[in-house]
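Naming: A, B, ... by sequence-line order, numbering from 1 per chain. Because only heavy atoms are used, hydrogens play no part in the values below, and waters and symmetry mates are left out as well, while side chains stay in. Since we're looking at a predicted model, the values are computed, not measured.
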Amino acid sequence: MNRIQAVNDFVIKFANVNGTGSASANNMFAKALFRMGLPVSPKNIFPSNIQGLPTWFEVRVNEKGYLGRRGGVDIMVCVNPQSMAKDIREVEPGGYFLYDSSKPLDIRMVRSDINMIGVPLTDICTREYADPRQRQLFRNIIYVGALAALLDIEFDVLTGIVSDQFRGKEKLVVPNVHALELGYHYARENYECPIGIRVERRNEVGDKILIDGNTAASLGAIYGGATVAAWYPITPSTSVVDGFDKYCKRLRIDPGSGNKNYAIVQAEDELAAIGMVIGASWNGARAFTATSGPGISLMSEFLGLAYFAEIPTVLIDVQRAGPSTGMPTRTQQSDVLACAYASHGDTKQVLLFPSTPKECFDMTAEAFDLAETLQTPIIMLTDLDLGMNDNMSEPLTWEDGRQYKRGKVLNEEQLENMSERFGRYLDSDGDGIPYRTYPGTHPTKGAFFTRGTSRDEYAVYTEDGAEYEKNMQRLLKKWETAKDTVPAPEIIGTGNSVGVIHFGTSADSTMEAIDYLAEEGIKVDSLRLKAFPFNKAVDDFIASHDTVFVIEQNRDAQMKSLLVNECEVSPKDLISILNYDGMPITARKIHERIVAVVRGDNVTPLHKKAGNKE
Amino acid sequence: MTYQRPNFRHPNLPVNELGYTRKDYEGALSTLCAGCGHDSISAAIVQACFEMSIEPHKVAKLSGIGCSSKTPTYFLGNSHGFNSVHGRMPSVATGANLANREMIYVGVSGDGDTASIGMGQFTHAVRRNLNMMYVVENNGCYGLTKGQDSATADVGSASKKGEPNPFEPIDLASVALQLGATFVARSFSGDRAQLVPLIKAAISHRGFAFIDVISPCVTFNNNPASTKGYEHVRDHLAATGTVDFVPVKQEITTSYPEGESQEVTLHDGSVVHLQKADPELDINSRRSALRLIKDYKAKDQILTGLLFMDEDSRDLHEIIGTSNKPLRSLNESDLCPGQKVLDNLNESLR
Ligand SMILES: Cc1ncc(C[n+]2csc(CCOP(=O)(O)OP(=O)(O)O)c2C)c(N)n1
Ligand code: SF4
Ligand SMILES: [Mg+2]
């Protein structure tokens with residue numbers, strides 16, 4: 001029989017039952033490879049349920065550093081009888097299937113083209129442990145031990161992780177190491193180790209860290225000076241505020257009084273959450289909220305108010321698939337349009353698109369600067385894949401001494417010395433951004449009444465159409481200013497006729513696909529969007545390529561629509577590569593589609609308009 | 001149209017401790033209908049703030065949407081104001097208050113704004129004991145959208161259109177009491193003598209101070225068949241008694257007969273004195289207030305005045321333990337932990 005042979009390049013998937021403590025064992029596995037210097041990208045695939053349903057954990061190991069989802073499974077570790085039939089089918093021919101052999105396998109499931117590895121996990125646990133909870137927990141550790149033998153994982157690395165994990169609870173170290181040994185020895189005694197797939201120490205991770213995007217974003221909020229967080233729980237955004245809470249407890253307690261230099265309010269719903277953020281920001285604090293799709297819908301009215309009344313607002317949207325009863329625990333990039341044009345009237349919102357945890361950290365901190373500089377909502381669009389999975393990332397850094405950019409705010413002294421009349425919505429600098437004042441600044445100067453648009457430049461009530469139009473024009477001017485204020489796109493490669501535009505979590509798979517294409521002689525330039533509004537570099541990139549692909553993870557090609565709407569480009573000039581099954585997009589998919597279009601003879605280059613070739 | 005008042009000051013106008021005249025507490029000229037109850041409430045707020053010598057810029061005015069919610073433009077012109085969205089003023093006030101605990105927060109809402117679209121946010125602001133005065137200008141209808149019945153309209157009450165309302169009303173004072181509000185009062189826009197001291201006490205109270213003010217809508221709901229018109233309210237009023245607000249620096253000089261009066265000292269040292277009309281009332285007892293509201297209603301009377309207060313109330317900041325300094329005044333050195341902490345953190349993530 002064929003046995004897949006691979007060193008440091010494979011996909012392993014764990015099939016568990018949720019609520020059984022498998023997550024920490026699986027993380028231990030991923031971390032061990034990471035500590036052996038191997039790039040890993042672990043992904044949780046979990047149900048919208050607390051206990052008892054199937055859940056999976058997939059790890060791609062790739063020494064070249066490809067971190068996107070590859071597709072296909074080389075090794076399946078299945079400890080969930082419920083999903084076993086499906087799990088077995090998923091294994092690539094020549095792959096490996098590790099299962100609990102305490103009970104004989106249903107003969108109908110057995111495949112002759114894959115390698116079956118039975119480990120009697122239940123029997124070992126029954127023999128070793130009396131307590132049912134221990135039986136369940138250690139079962140997971142035992143299969144990690146078995147994998148150590150089967151894949152040649154350095155055992156010391158595993159024991160190192162165990163001692164780190166239980167620092168302060170040393171009593172737990174010995175039984176965990178023992179469980180690892182049980183699995184390790186069983187595999188050694190019963191199978192030829194290592195199997196065809198194995199790992200070898202490398203030095204491919206440098207100083208990188210393993211962290212999920214939501215935790216990184218929460219740290220960004222702390223470093224960015226947020227003092228008020230208001231939220232309503234929703235997967236996959238909850239861990240943003242959980243992280244904020246956890247790290248504030250360590251980093252934001254006033255040493256003298258023990259009081260909190262922050263406030264977290266679990267609001268009654270998302271309307272209230274964003275209302276609190278707006279109220280706090282209006283009153284001069286840095287505030288934020290985090291939500292996901294359904295919450296965005298509820299926040300929509302307030303987002304309009306913040307846009308028109310020009311109140312800094314920071315919102316993190318961790319995107320997921322579809323409605324509440326859709327696939328709330330699967331990933332997608334499907335709130336792009338809902339956020340870009342959130343609310344009624346003519347509104348456009350500034351968006352940020354991080355691709356890595358480091359960018360979640362940086363962009364969250366920067367979102368506060370941008371919100372206060374531009375006096376408008378800033379929505380950071382991340383997704384479940386980035387937010388809830390540990391991702392390999394550059395380490396988090398902060399330049400000590402960095403000052404917050406608090407934007408155009410007049411203080412008491414400036415108001416006192418001001419001879420002209422204060423106009424809250426007056427464009428004194430010609431960049432469309434007016435000056436604001438915090439409530440309570442000066443006894444007689446600088447107070448104004450905040451409302452939507454029924455006011456003039458001095459915030460005095462009016463319903464005059466000409467004033468309305470003037471204000472809307474100024475907001476457009478501000479939008480132009482925003483184009484050069486938000487992060488510029490990242491462009492890699494120039495001079496080729498094929499270009500791809502991508503953003504957020506499509507980055508890893510896109511870059512991998514581009515490498516494959518290059519090997520086949522198809523050279524591709526890429527542009528990674530980091531923000532909306534798009535700046536001129538985006539127009540230029542589209543104009544300078546004959547064929548432009550837009551890669552995104554939603555059905556309706558929302559980013560393409562946004563590009564068509566906001567850039568000088570016809571819909572025909574952009575070819576979509578879409579993925580919306582709730583799983584992260586793969587390099588295979590991107591590669592196939594680009595090859596088909598570029599090699600397919602029925603496709604005419606898109607910019608082949610007469611006389612349009614420079 | 002926008003209005004600016006002529007800005008001249010009579011040399012003999014009375015001034016308060018800060019040297020301000022009453023005029024310094026006024027706002028833009030009202031654009032509400034002549035005779036609208038809401039304007040009287042604005043005037044009472046002006047009077048109370050003037051008499052209390054509050055620095056106008058230390059007040060933030062917040063409102064939702066409606067004729068009532070427009071009124072913050074018409075008082076305290078030197079204060080920042082925020083006309084937010086329909087029914088959502090409580091959340092904006094919560095955020096504002098979290099940012100700076102040192103200011104005075106005055107919220108103005110309508111019965112539609114609070115009892116319908118904003119019921120959820122209202123109840124949660126009560127529950128969190130947000131430190132603010134929350135005034136509902138209650139006219140039993142939606143003024144700004146031209147007179148539809150609101151959720152506080154009494155059964156059988158008819159607006160100008162003439163159709164009697166078939167639904168039970170929501171009594172906001174009772175709701176607030178049940179939710180644990182720490183200061184609850186009811187008044188009538190036409191009763192300035194009662195309303196001004198209630199506003200003063202509400203502002204001095206630490207925690208959520210709720211005043212339900214019946215405020216007739218002269219345009220849509222002031223006809224004989226309406227229970228929230230001037231005539232009906234005047235004929236059916238019953239007060240818990242006369243309320244005196246005695247500021248910190250002032251002694252109580254009048255002596256009141258024992259048993260018929262009750263005194264409450266607020267956390268800032270000022271005193272609220274109630275000369276009770278009904279010996280049954282105990283303003284420290286929620287139950288007593290709830291029962292009396294019902295009893296009077298059964299007699300077809302509207303009980304006004306101070307209904308309940310808890311002088312030991314702890315506000316949201318105290319409950320969640322936030323810094324004594326306003327959060328908005330904290331700077332980089334208070335807030336940003338620096339690279340060294342990140343170095344350690346990075347190390348723990350390898
Ligand atoms: C989301 C939303 N829905 C509806 C409206 C329309 N609207 C404006 S004011 C109002 C009712 C206000 O009634 P109330 O709060 O009692 O204030 P009043 O005008 O009676 O003082 C309504 C429904 C709105 N502004 N926003
Ligand atoms: S419509 Fe009614 S509530 Fe509105 S301003 Fe006129 S009288 Fe007042
Ligand atoms: Mg009303």
Side-chain angles (χ1 to χ4, degrees), chain A residues 35 207-211 219 222-223 225 227-228 230 251-252 254 257 259-263 265 267-269 271-273 275-285 287 301-302 305 395-400 402-404 437-444 447-451 456 460-462, chain B residues 1-2 28 31 55-58 60-62 72-73 77-85 88-100 102-103 120-121 123-124 128 316-317 320-324 326-328 330-332 334-343 345-346 348-350:
Chain A
R35 286 197 178 174
D207 64 351
K208 291 207 170 66
I209 57 173
L210 263 187
I211 186 174
L219 286 159
I222 292 180
Y223 276 72
T227 52
V228 176
L251 303 169
R252 281 283 192 79
D254 182 59
S257 61
N259 287 340
K260 295 174 181 164
N261 284 336
Y262 65 98
V265 179
E268 51 272 34
D269 54 29
L271 287 82
M276 290 174 196
V277 170
I278 289 170
S281 304
W282 174 77
N283 208 2
E301 185 187 16
F302 257 132
L305 175 75
L396 308 182
T397 55
W398 186 264
E399 195 188 315
D400 285 327
R402 169 172 158 183
Q403 299 284 306
Y404 300 147
T437 55
Y438 299 154
T441 304
H442 190 282
T444 53
F448 67 96
F449 201 76
T450 303
R451 48 167 85 76
D456 64 12
V460 174
Y461 189 85
T462 176
Chain B
M1 272 267 265
T2 60
T31 58
E55 290 185 89
H57 72 295
K58 296 291 182 201
K61 312 168 288 184
L62 302 119
T73 323
N78 281 323
S79 307
H80 275 65
F82 197 157
N83 200 172
S84 65
V85 290
R88 319 294 175 199
M89 174 267 280
S91 62
V92 178
T94 305
N97 186 307
L98 287 173
N100 184 358
E102 285 179 352
M103 291 183 59
Q121 295 210 347
T123 58
H124 288 273
R128 295 189 187 103
L316 176 59
H317 282 282
I320 65 176
T322 39
S323 148
N324 292 329
L327 290 177
R328 83 160 188 218
L330 302 175
N331 59 25
E332 285 86 348
D334 303 307
L335 300 175
C336 186
Q339 178 62 37
K340 226 171 133 217
V341 169
L342 282 185
D343 287 340
L345 194 93
N346 286 328
S348 73
L349 296 167
R350 288 191 178 117

Taking all non-hydrogen atoms of both residues, which atom of [X] and which atom of [Y] are closest, and how far apart?
X       : Y       : result
E332(B) : R402(A) : CG-O, 3.8 Å
R328(B) : A285(A) : CB-N, 3.9 Å
L330(B) : T227(A) : CD1-CG2, 4.4 Å
N346(B) : P395(A) : ND2-CB, 3.5 Å

If I measure from the heavy atoms of chain A, does [X] come under 4.5 Å with its side chain, its backbone, both, or neither?
X       : answer
S79(B)  : backbone
P56(B)  : neither
S84(B)  : both
P326(B) : neither
Q339(B) : both
D343(B) : neither

Part of [X] within contact of chain B (heavy atom distance under 4.5 Å):
X       : result
A287(A) : neither
S257(A) : neither
A272(A) : both
T437(A) : both
N261(A) : both
R35(A)  : side chain
L305(A) : side chain
V228(A) : side chain

In the structure I gave you, are the side-chain heavy atoms of [X] and [Y] within less than 4.5 Å of one another anywhere?
X       : Y       : result
T31(B)  : Y461(A) : no
I278(A) : F82(B)  : yes
K340(B) : D400(A) : no
L342(B) : Y223(A) : yes

[atom1]/[X] to [atom2]/[Y] distance, rounded to the nearest 0.5 angstrom?
X       : Y       : atom1 : atom2 : result
N83(B)  : F449(A) : CG    : CZ    : 4.5 Å
K260(A) : L327(B) : NZ    : CG    : 11.0 Å
N78(B)  : H442(A) : CG    : NE2   : 10.0 Å
S348(B) : I211(A) : OG    : CD1   : 8.0 Å
M276(A) : R128(B) : CE    : CZ    : 4.0 Å

| request: Determine, step by step, whether L396(A) and L345(B) satisfy the side-chain contact (heavy atoms from CB on, under 4.5 Å) criterion, reporting the C-alpha distance in whole Å, the side-chain angles of both residues, the deciding distance to 0.1 Å, and the verdict. | output: CA-CA 9 Å; L396(A) 308 182; L345(B) 194 93; 4.2 Å; yes

| message | Counting heavy-atom pairs closer than 4.5 Å to chain B, which one of N283(A), D254(A), I209(A), L271(A) comes out on top? | response |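 Most heavy-atom pairs under 4.5 Å with chain B: N283(A).
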
| request: Look at T450(A), T444(A), N259(A), D269(A) and state which one has the largest set of heavy-atom pairs under 4.5 Å with chain B. | output: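 Going by pairs under 4.5 Å, I would pick T450(A).
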
| request: Walk me through it: do Y262(A) and T322(B) pass the test side-chain contact (heavy atoms from CB on, under 4.5 Å)? | output: CA-CA 6 Å; Y262(A) 65 98; T322(B) 39; over 6 Å; no

| task | Give a yes or no answer on whether the side chain of R350(B) reaches the backbone of D207(A) with a donor-acceptor pair at less than 3.5 Å. | result |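 A pair under 3.5 Å: yes.
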
| said: Looking at L335(B), is its backbone amide N or carbonyl O close enough to the side chain of R252(A) to form a donor-acceptor pair, meaning the two atoms are under 3.5 Å apart? | reply: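 Flag set: sc R252(A) to bb L335(B) pair under 3.5 Å.
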
If you count heavy-atom pairs under 4.5 Å with chain A, which of [options] comes out on top?
options                          : answer
A60(B), P337(B), G77(B)          : P337(B)
R88(B), E102(B), H317(B)         : R88(B)
A93(B), P90(B), P72(B)           : P72(B)
V92(B), N331(B), L316(B), L62(B) : V92(B)

| P439(A): which of H80(B), K58(B), K61(B), H57(B) passes side-chain contact (heavy atoms from CB on, under 4.5 Å) |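 When side-chain contact (heavy atoms from CB on, under 4.5 Å) is applied between P439(A) and each of H80(B), K58(B), K61(B), H57(B), only H80(B) qualifies.
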
